[in-house]
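Because the structure is predicted, anything quoted here is derived from the model rather than measured. So you know, we letter chains A, B, ... as the sequences are listed, proteins then strands, and number each from 1.
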2 protein chains.
Amino acid sequence: MTVDLSEGAGRTVPTLASIAERVGVSVNTVSRALRAPNTVRIELRRRINAAMEELNYVPNRLAGGLSGTRSDIVGVVVTSLYYSEFANIIDSLQLALLEHDLQVMLANTRYNADQELRLVRSILSWRPAAVAIIGVDHPPKVVELLKAAGIPIVEMWDTGGDVIDTAVGFDHASVGAAQANHLIAQGYRRLAFVGSVRENDKRAQKRLSGLEAAATKASLPDVVKHTAQQGGNPELGERLATELLQSHPEIDAIACNSDVVAFGVLRALRKLGRRVPEDIGVIAFGDNEAASCVSPSLTTVRPDRERIGKLTAEAIVSRINDVTPYTTLVEWELIARESTSRMPPPSPS
Amino acid sequence: MTVDLSEGAGRTVPTLASIAERVGVSVNTVSRALRAPNTVRIELRRRINAAMEELNYVPNRLAGGLSGTRSDIVGVVVTSLYYSEFANIIDSLQLALLEHDLQVMLANTRYNADQELRLVRSILSWRPAAVAIIGVDHPPKVVELLKAAGIPIVEMWDTGGDVIDTAVGFDHASVGAAQANHLIAQGYRRLAFVGSVRENDKRAQKRLSGLEAAATKASLPDVVKHTAQQGGNPELGERLATELLQSHPEIDAIACNSDVVAFGVLRALRKLGRRVPEDIGVIAFGDNEAASCVSPSLTTVRPDRERIGKLTAEAIVSRINDVTPYTTLVEWELIARESTSRMPPPSPS
DNA sequence: TGGCATAAAGTTACCGTTAACGCAACGATC
DNA sequence: GATCGTTGCGTTAACGGTAACTTTATGCCA
């Protein structure tokens, strides 16, 4: 069970004390040379740095975090890592946090509420300086723990409802409404919704609700839903679309919960001989990197993931510096492409 | 600069001592109730657990890690988080580590060697139980630090060369060779290579070398290379392919460093009126989720990312338990699709 | 030249947990 | 009934830093 320290690595990992001894100063002086260099004589500082370099000293942040007041860890809790759904958020978040010497500790709940509780607990046990978490809907116990931690909590991706502390995201219901309205404007009337809508994916549910509300408002027939609990992928989209059109051949537009599912939907429609966008329109959500490259190119909604990551980092730093909690709305954009372009573009009169 | 503890959270975070006091036992007994429950009387244990529940106790792993011998952190160093290149590896790695209560601490070097050194140092400062890192080619100082840490180091994605400790990956040169051989078998002769090949992306360089070696071996003319240092995306692929065919119209096959770049290459070819696969073949690497959904569907190489993540977790656990270092070769698969299917499939005689 | 602010280094007391050790109470053994 | 191994819990000393405080050396000014 012990970690292997074989082949000559028998010597122990250097500590502040090793450095201090070697240079002939107290431990605290070495610590100061790191934290507050200008309180140590320049010449002594140089000798200390040389010793650190020589011994390959790496500070022990466990000890630092325990002793000091700062911990430098930011817990990041996402619901999925699959495909690029949240990877780009983590990417830009991590880059921005790096400038403040904050380290990302990652957890992935896979849309599982029990797992979420366990992982949040686990993250908190590292006494992070802040926690960034996907979504604003969490089990009560999770909310309780996060609140009790007394650290900044930034909820990402979604907004609205009971924000624990600070939020950086957008309103998913209005995304759904925009999807419906775009389809309607393009002349589609019999809408369907297809994709992976997991029990704990409140965002997907909100988008669907927004879509349905807009359809109702436009006096359209009820949106036909055909969803699954499993994760979204092209194969799922292909299957769901095939089944959907078998039972509901009248459908003339399919909104997909994600681009990846839409890719499969497009494939199904091709196999079924339904022309897109003439016979059926397809709209999705996510702006996958391939959305503009499939044919027909996919109309979708592009949330600005890089910006969410960057703004989340800013929010974390602000909150650590005692700025009051706030909510930031992040822009998203409906990108109309071939898969829904039934109407000729308005004449530029 | 201090963390906000506003609105009634004035009370301090509970510690083992709080629990101990409340139950009327020593701190160590509470600690034991967590670590070795069967050394504490069942009735007492129940009271301790009740107190923990009531106070929302979350153990402080900084303290635990400092005091004990175990640290429960696994540092994961990747070169990119963009798109799904490594996200799925992290995903399956994290899931597998979870079973052993190991927490992922993430760092992203963005193919920057200086950043890699800084991040490895930062990760090591958390005294992780192990480090998983993309690639087997690292700056000397990084290797030195990782070796000196005296913990299991698992290098992922690539193999060969000087492995620090343990590796889980595949040989990228043979991927390149397979790509070339597939193109050749399909009747293509004038090969080109296109994509993002960053200075620190040794894997891309190895694939390219393998491709060139195979082309040379088959007595083909030199592979025409048109690469960029920036990250790969469809726009890059579109630009590079357009430029390539302007200067080298004789090219009849393009190997791409990544699927995402290939998506743009396909778009460029469509715009240029070159038929794929008849006039030009396109092969890529990565098996992006959309590869089977673009048209023509993309021939590509699929590395088994889930398996790499899973096997890396296994390697970490094995190494922590003192199993000797080893290297695992992970399978990859060339998936022939429409973009290179110039030859009729061999008759099944 | 004495007095005092200031700079530079040392002392000491934690931070919250684990691990080694100690010790009392108890049942089994001969 | 003295000996001995268990069981169950308490005591104490780290772990490697940080921060508050103290001490010593130095310079400056009246």
For [X] and [N], give me the distance from atom [atom1] to atom [atom2], rounded to whole Å.
X	N	atom1	atom2	answer
B:Ile19	C:dT18	CD1	P	13 Å
B:Leu66	D:dT18	CG	P	12 Å
A:Arg61	C:dG16	CZ	C1'	19 Å
B:Asp72	C:dG16	CG	P	19 Å
A:Arg47	C:dA8	CZ	P	15 Å
B:Trp126	D:dC15	CH2	C1'	16 Å
B:Arg45	D:dC9	CZ	C1'	14 Å
B:Arg127	D:dG16	CZ	C1'	9 Å

>> Check this for me: B:Asn38, atom CG, are more than 12 non-hydrogen atoms of other residues, nucleotides or ligands nearer than 6.0 Å?
In response: yes
> Are more than 12 heavy atoms from other residues, nucleotides or ligands located less than 6.0 Å from atom CD of B:Glu199?
Replying inline: no
Of the listed nucleotides [options], the one nearest the side chain of [X]:
X	options	value
B:Leu16	D:dT18, C:dT17, C:dA19	C:dT17
A:Arg32	D:dG17, C:dA9, D:dG10	C:dA9
B:Asn28	C:dA8, D:dG10, C:dC15	D:dG10
A:Val25	C:dT18, C:dC15, C:dG10	C:dG10
A:Ala63	C:dG10, C:dT17, D:dG16	D:dG16

>> So, under a plain 3.5 Å distance rule, would you say the side chain of B:Thr15 forms a donor-acceptor pair with the base of C:dG16?
In response: no
>> Are the side chains of A:Arg121 and A:Leu124 in contact, using a 4.5 Å heavy-atom criterion?
In response: no
Scan [X] against the nucleic acid and name what it touches under 4.0 Å (heavy atoms): base, sugar-phosphate only, or nothing.
X	answer
B:Asn60	sugar-phosphate
B:Leu62	nothing
A:Ser26	base

Side-chain N or O of [X] less than 4.0 angstrom from OP1 or OP2 on [N]?
X	N	value
B:Ser67	C:dG16	no
B:Arg35	C:dA19	yes
A:Thr39	C:dA8	no
B:Tyr57	C:dG16	no

>> Using the rule given for salt bridge (Lys or Arg N to Asp or Glu O under 4.0 Å), can you reason through B:Lys310 versus B:Glu306, listing the C-alpha separation, both sets of side-chain angles and the distance that settles it, and then say yes or no?
In response: CA-CA 6 Å; B:Lys310 190 155 166 284; B:Glu306 285 70 30; over 6 Å; no
>> Please give me the minimum heavy-atom distance between A:Pro59 and B:Arg127, naming the atom from each residue.
In response: O-NH1, 3.5 Å
>> Would B:Arg46 and B:Glu53 count as a salt bridge (Lys or Arg N to Asp or Glu O under 4.0 Å) here? Give the steps.
In response: CA-CA 10 Å; B:Arg46 254 198 277 276; B:Glu53 189 65 27; over 6 Å; no
